[in-house]
Structures are given as C-alpha cells and as structure tokens.
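Working notes, beginning with the structure itself.
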Amino acid sequence: MRAHRRTGRAAIRTGAALLAAALLAGCGLSSNEPEPSGTTDDRPADASAAPAPTDLQDSPRPPRLPSSLTSQRPDWKRCPAPRGGNAPASHWRCANVNVPLDYGEPAGKTLSIALIRKQARDRGRRIGSLLFNFGGPGGSGVDTLPRAAGQYEKLNSRYDLVGFDPRGVAASSGVRCRSDKEQEQAHRTVDLTPDTAAEERAFIADAADFGAGCERGSGELLPHVGTSSAARDLDLIRQVLGDDKLSYFGFSYGTELGGTYAHLFPHHVGRTVLDAVVDPTADGIGHARNQTTGFQRALENYLKDRGQDPRTGSERIGRLLARIDRNPLPTGSGRELTESLAITGIVTPLYSRSSWPELTAALDEAENNGTGDELLRLADAYNGRDAQGRYDTQSHSQRAISCADSASRPTLDEARALVPEFRGLSPVFGPFLAWDTAGWCAEWPVEGEHETPETSAPGAGPVLVVGTTGDPATPYEGARRMADELGRGVGVLVTNRGEGHGAYGSNDCVTSTIDDYFLAGKVPADGKACG
C-alpha cells in the first residue's frame, strides 16, 4: 500500500471514492507497496540515476509544437473491452493522440495518449470538452470514466465528457515493471515494516529491484512521465479537441496535475475544479506525515462511530497487526494474510464512509475467527489483483510518475529515525508510512524533478479547490494550501464537513456548487462551507 503517491486507488467513484481498483496520493494509499520481485539490478555498481528530463516544469518556454501534432484530429471509434471487463456502451468512443516524448524536442519521438469521450447530449448548448483525471498517479481515465459517468449526467448535458490515460499509464504508452508472479511474490514475502536488519536489507533491495525492472521494461519513457509533461499533454489535447480553454475536473493526484497545468498555462485555464486536494507545499516526507495524520483521523472517526474509544481501538488494531506480523492469518484461498496486506485491507474502506461496515466485518473476522479472508479481499481490490492472480499496472505507473516528480530520496537510516514520530501519530499506519519514505524511490534510475510542485497561477481564472475535513488520503489542510498557492483571486476554497476521499457526489451542497460553476460559471464565495 502506499497511502500516498499521491492517493492511490480510491477515487474511482470520484468524490465518494468507490473503492479502488485503480486509484490515488496521489494521491491515495496508492496501489502499492514497494512492490518487490526476484530480479536483479544489472546496471554497473557505480551507475548513477539518469538526469532529470529536459522538459522541466520551470524551464524556459519549450519550442513550439509542430503542426503535425497541433493539427491532429482524433479518429473516434468504438472502444475495446478492457481486460476482464466489457466494452463501454456504444455512445462512448475512443481515440489516440500523439504527444512528444520530450517537450524539449517536440519534433522528435512521440507517445500515444488514449482518450475516451461521451458527447454532450444538448449539442445546441454545448460548452465544450470536460477532461477528468481520477487520481493515482496511474489511474486509468479510459477505464474509470464510463463506470463513474452516472454521477456526471448533469454535466454531460452540455459537456463532452473526456477521460484519458496519462503518459506512462494503461492504454497510453505505459510503464511495466514486474510480472504478476513477481508482484505476488513481493506481497507474500517482503515485510514493509521491517523489524530486523535482515528484513531491512530485503525491503530496500526489493524496492531497488522494482526500479531496475522499470528501467529494463520502460527505460526510455521513465525520464518523461512526470506531471509537468502530463500537463503539457493536457494542453495539446485541449488544442486537438478544439477548445480555447481547458475545462478540467481533477481528483486526488489529479489536483496536482490541475495545479501544475494552471501554473504552466494560466491563460488557458477554463472552468476547473480540484477535489480531494494534494498539498503542494509538502515534500515526500511531508506527504507521508500528512497521510499518517489523515488515515489515523479517519480511523478514529470510524471507531467513534462504532462507539469505541479511538485510542483504545487504535491500540487494539495495532496489537492485531503485530500478531499478524509474527503469524500471518490463513485464508480460504490458501494464501496468507501478511501484516502488509492487512494494513492495506484496513486502509481501503477508510476512503468512504459507506465502506465502514466492510472494515467492521473484516476486523471481526481477523480478531475473532483468526482468519483473513475479508482483509485479503479488500487488499486485493486495492492492489488491483483479480481472481486469477493477475495485477493491473497502476502501481507501476504510480511509482514511475511519483519518482519522476519527486527529488526526495530518504535513506534507510532516515526512514528508521522517523518511525518513533510516525508511530506516535498512528500506531496503525505510522510505521508503514515512515519506512515507505525510503522504499518508494530507492535507487530510482531517474532523478526527480522537484521537492514540491509549483502551482502558482497568476492570471488564471477562478479554480474551485474542494477539501473534505475527514479525508484520509489527502487531508483537508492541503486544500487551503493549494488555494493559497494558486494565488489571490484564483484559488477558491470550498469546505466539505464530512468523511471520505472526495466530496463530489457524496455531498449535495458541494455537488450543486460544482455543477453551478461548470454549467453556469457561478463562482462561490471563497471559504464556502457545506455539511
């Protein structure tokens, strides 16, 4: 699991977070655990990470894009069925758009970006295209949007709904780092909260091996999958779709992408909403600290709802995890529930209050029956594992994008030193998130672009920034910071007093505020509160 980077899988049902098979810390625990494997790093021992890409976020204006890219016209066709699923209904159409591999060399090699679209119902009153990003990083918009589109029927009256797979993701030119067998082995054997020197060595070796696998499978792509490149892709997609300005709805990690776009292209910012907001002022350790606080806050709210003392309940769950660490729980499938999988299973239902009963059933089973079927089921959903043992590739894309963005590379010693502080913040999630700071980008083959993203956007139109007070993966405080970073007159804060990862679709006041903004251009007062 990785509660962040930038929020993993949970925003599938945007807003109320339909638990995830492929999202989020950004931003949400993200599909991931430092996914280990059995391969070895075949780089020379003295090899250093590849330099950061030439198309950096704050570099001078890149060369003008050639007309062969800006004059593209998507060839919309019936969409194929995703693996293990059914093809979207006939009113959905799919296409691909070519974008530069490196925006510093726009006439060079290109990548393919997959799009999906449902046209506006009222063509006579059509406003334009509304692009969605549901988080991750690494979440597939092509897969998610048709399944989530019921929430956007009102918006679809006047907007074409458009989803896309960002560079490095799924149906676009994607990153692949491990086989299903290697991922299964990692989840089974690597302890993500190491207790001994041997476990620490195995943990960091596996993390480094993950990066080596990405380099072998996707080496040319790795320097160019960062968020600033994806934001430039958004602007090219905007042009190809024929829109003067970008209308955009971003959730979780999608809020970081939206903030980056606003910084790079402030005068192309159209009606934009950022929901479940990643804190743009936090570095890698800061994100881990924020999420430790956020998931513990959500767990305590869950325990209070159950009539339990939050401190006592948290300590009880911490003791359960310690027992599982010593003796993994059996399941009916023959697989064992390890401590790492148990943490992921606990975190998954915290993304949405409607899933709290699932957490209750899973904890009751583990504590009273000594079996782990329910927690394992929840962990598999989060990790993108199907019943045949096949994994999706969101965890690959998520890590590649995150490590291309973040220059933070804490050492094992630095992570170990964080454990007492993080355990104090959360006896359940703290140790994992402390160790994860070192494991996430260990010996990554590409340098990260920045410590924190730049999201200031002077000259942009108003951007609605929506924060939920009980959001576990992107704590509420990040929304205020994003609004401040966007700048006076740009960032407009809307507060949802409630639980869950995202507000749209789960709070009527927030939903109507956003609908009024997208459909009528009505901007709420900064600081509006709902709930």
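Nothing here was measured: the structure is a model prediction, and the numbers come from that model. The basis for the numbers below is simple: all heavy atoms, side chains too, and nothing from hydrogens, waters or symmetry mates. One-based numbering along the sequence shown.
- Asn496 pairs by the side chain to side chain donor-acceptor pair (under 3.5 Å) definition with Thr468, Asn507, not counting sequence neighbours.
- Counting only heavy atoms from C-beta outward, the side chains of His187 and Thr338 never approach each other to under 4.5 Å.
- Scored by the salt bridge (charged side-chain N to carboxylate O under 4.0 Å, His left out) test, Lys109 finds Glu220 as partners (sequence neighbours excluded).
- One N or O on the side chain of Thr292 and one on the backbone of Ala288 form a donor-acceptor pair closer than 3.5 Å.
- A distance-only check finds a donor-acceptor pair linking the side chain of Thr255 to the backbone of Val278 [under 3.5 Å].
- Between His396 and Gln183 there is a side-chain heavy-atom pair separated by less than 4.5 Å.
- One side chain, Thr227 or Tyr253, offers a donor N or O that lies under 3.5 Å from an acceptor on the other.
- The closest side-chain donor-acceptor pair between Ser333 and Thr331 falls under 3.5 angstrom.
- Counting only heavy atoms from C-beta outward, the side chains of Leu234 and Phe164 approach each other to under 4.5 Å.
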Candidate pair Arg335 and Asp380, rule side chain to side chain contact (heavy atoms under 4.5 Å, CB included), full reasoning: CA-CA 12 Å; Arg335 296 162 63 208; Asp380 284 349; 2.8 Å; yes

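- Remark: the backbone N or O of Leu145 is not paired with any side-chain donor or acceptor of Tyr152 at under 3.5 angstrom.
- Within the structure, every pair that satisfies the disulfide bond (SG atoms under 2.5 Å apart) test and touches residues 63-115, not counting sequence neighbours, is listed here: Cys79-Cys94.
- Looking only at atom types and distance, the side chain of Asp235 has a donor-acceptor partner in the side chain of Tyr261 under 3.5 Å away.
- At distances below 3.5 Å, not a single donor-acceptor pair connects side-chain atoms of Arg176 with backbone N or O atoms of Thr393.
- Not counting sequence neighbours, the partners of Tyr517 by the side-chain contact (heavy atoms from CB on, under 4.5 Å) test are Arg271, Val273, Leu464, Val523.
- By the 4.5 Å heavy-atom criterion applied to side chains, Trp76 and Trp92 are not counted as neighbours.
- Between Asp436 and Leu192, the closest side-chain pair of non-hydrogen atoms is not below 4.5 Å.
- Between Leu246 and His268, the closest side-chain pair of non-hydrogen atoms is not below 4.5 Å.
- Gly294 approaches Pro475 most closely through the heavy-atom pair CA-CG, 3.9 Å.
- In this structure, Leu65 and Pro100 approach most closely via the heavy-atom pair CD2-CG, 4.0 Å.
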From CA spacing to verdict: side chain to side chain contact (heavy atoms under 4.5 Å, CB included), Phe203, Asp191: CA-CA 7 Å; Phe203 167 75; Asp191 191 335; over 6 Å; no

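- The structure places CZ of Arg238 at 8.0 Å from CZ of Phe265, a figure rounded to the nearest 0.5 Å.
- Applying the side-chain contact (heavy atoms from CB on, under 4.5 Å) criterion to Ala170, with sequence neighbours excluded, gives Ser140, Asp165.
- Checked against side chain to side chain donor-acceptor pair (under 3.5 Å), Arg123 has the following partners two or more places apart in sequence or in another chain: Asp160.
- The disulfide bond (SG atoms under 2.5 Å apart) pairs that include a residue from residues 212-256 are Cys177-Cys214, where partners are two or more places apart or lie in different chains.
- Within the 4.5 Å cutoff, side-chain heavy atoms of Arg93 are placed close to those of Arg78.
- Under a 3.5 Å cut-off, the side chain of Gln72 and the backbone N or O of Asn98 do form a donor-acceptor pair.
- Side-chain atoms of Val466 and Val277, non-hydrogen and from C-beta on, never get closer than 4.5 Å to each other.
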Side chain to side chain contact (heavy atoms under 4.5 Å, CB included) between Leu350 and Phe429, worked out: CA-CA 12 Å; Leu350 292 177; Phe429 308 113; 3.7 Å; yes

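- Between Pro472 and Ala298, the shortest heavy-atom distance links the atoms CB-CB, 3.6 Å.
- Looking at residues two or more places apart in sequence or on another chain, you find a side-chain contact (heavy atoms from CB on, under 4.5 Å) between Asp233 and Val99, Tyr103, Ile113, Arg167.
- A donor and an acceptor atom, one from each side chain of Ser129 and Asp243, are located under 3.5 Å apart.
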Verdict with supporting geometry, Ile401 and Val169, side chain to side chain contact (heavy atoms under 4.5 Å, CB included): CA-CA 9 Å; Ile401 295 168; Val169 175; 3.9 Å; yes

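- Partners of Glu374 by side chain to side chain donor-acceptor pair (under 3.5 Å), not counting sequence neighbours, listed by chain and number: Arg377.
- At least one donor-acceptor pair closer than 3.5 Å links the side chain of Asp275 to the backbone N or O of Ala503.
- In this view, Ala379 and Leu341, Thr344, Asn383 satisfy the side-chain contact (heavy atoms from CB on, under 4.5 Å) rule, not counting sequence neighbours.
- Partners of Thr281 under the side chain to side chain donor-acceptor pair (under 3.5 Å) rule, at least two apart in sequence or in another chain, are Asp279.
- Judged by distance alone, the side chain of Glu184 and the main-chain N or O of Lys181 form no donor-acceptor pair under 3.5 Å.
- Remark: the backbone N or O of Gln185 is paired with a side-chain donor or acceptor of Thr189 at under 3.5 angstrom.
- With sequence neighbours excluded, the residues forming a ring-ring contact (aromatic ring centres under 6.0 Å, His included) with Phe249 are Phe132, Phe251, Tyr504, Phe518, listed by chain and number.
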